[in-house]
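Scroll down for the structure; my scribbles are underneath it.
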Amino acid sequence: GTRTAAITGGYIALGLAVKKLMANQTLNQSPLTDYVAAVSVGLYRGVPVVDLNYDEDSQADMDMNVVMLGCGEFIEVQGTGEETSFTKAQLDELLDLAAVGIKELIEIQKGVLE
């Protein structure tokens with residue numbers, strides 16, 4: 001979704017700005033302490049999906065935005081049963097799926113920023 005893309009891409013923009021400020025010696029050290037990324041996950045026709053596209057999101061049984069730090073801690077978990085309720089087992093499965101997706105995004109962020 002656009003919100004999760006903005007969080008993940010915004011972190012890259014912030015990281016690039018910090019790198020420039022450090023190169024110009026405006027900053028002596030980076031104020032950034034960890035990476036931040038976000039994904040959407042949900043149940044689409046009963047199947048767990050990461051990074052739902054517009055059609056999947058608009059027709060999802062339930063969907064959730066997850067924001068995490070590089071260390072694996074959560075910043076935000078926001079989910080809604082759109083068309084149906086969901087179980088704790090489904091929630092756990094989606095949180096695990098989100099963690100895998102976020103780990104991949106953080107590796108991309110590292111590739112850009114390091």
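- The two residues Val77 and Met64 make their nearest non-hydrogen contact at CG1-SD, 3.5 Å.
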I'd like a table of donor-acceptor pairs (distance under 3.5 Å, sequence neighbours excluded) in which one partner is a side-chain atom from residues 87-96, with atom names and distances.
| from | atom 1 | to | atom 2 | distance (Å) |
| --- | --- | --- | --- | --- |
| Thr87 | OG1 | Ala89 | N | 3.4 |
| Thr87 | OG1 | Gln90 | N | 3.0 |
| Thr87 | OG1 | Gln90 | OE1 | 3.4 |
| Lys88 | NZ | Asp92 | OD1 | 3.3 |
| Lys88 | NZ | Asp92 | OD2 | 2.9 |
| Gln90 | OE1 | Thr87 | N | 2.8 |

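- Contact of the Glu83 side chain with the Gln59 side chain is not registered, since no non-hydrogen atoms from C-beta on lie closer than 4.5 Å.
- Residues Val41 and Val49 are not in side-chain contact: their nearest non-hydrogen atoms beyond the backbone lie 4.5 Å or more apart.
- Inter-residue side-chain proximity for Tyr11 and Leu32 is flagged as met; some heavy-atom pair is nearer than 4.5 Å.
- To the nearest 0.5 Å, atoms CG (Leu69) and CD1 (Ile75) are separated by 4.0 Å.
- By the side chain to side chain contact (heavy atoms under 4.5 Å, CB included) test, Asn65 is found to be paired with Arg3, Thr4, Ser40, Gln78, residues two or more places apart in sequence or in another chain being considered.
- Residues satisfying the salt bridge (Lys or Arg N to Asp or Glu O under 4.0 Å) criterion with Glu82, sequence neighbours excluded, are absent altogether.
- With sequence neighbours left out, Ala99 forms a side chain to side chain contact (heavy atoms under 4.5 Å, CB included) with Met68.
- The shortest non-hydrogen separation linking Leu52 to Ala60 is CD2-CB, 3.9 Å.
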Run the side-chain donor-acceptor check on residues 101-113: report pairs under 3.5 Å with partners two or more places apart or on a different chain.
| from | atom 1 | to | atom 2 | distance (Å) |
| --- | --- | --- | --- | --- |
| Gln109 | NE2 | Thr8 | O | 3.0 |
| Gln109 | NE2 | Val36 | O | 2.9 |

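- Of the inter-residue distances, the one linking Leu43 atom CG with Phe86 atom CZ reads 8.5 Å to the nearest 0.5 angstrom.
- For residues 14-39, the set of pairs meeting the side-chain hydrogen bond (donor to acceptor under 3.5 Å, both in side chains) definition, not counting sequence neighbours, comprises Tyr35-Glu114.
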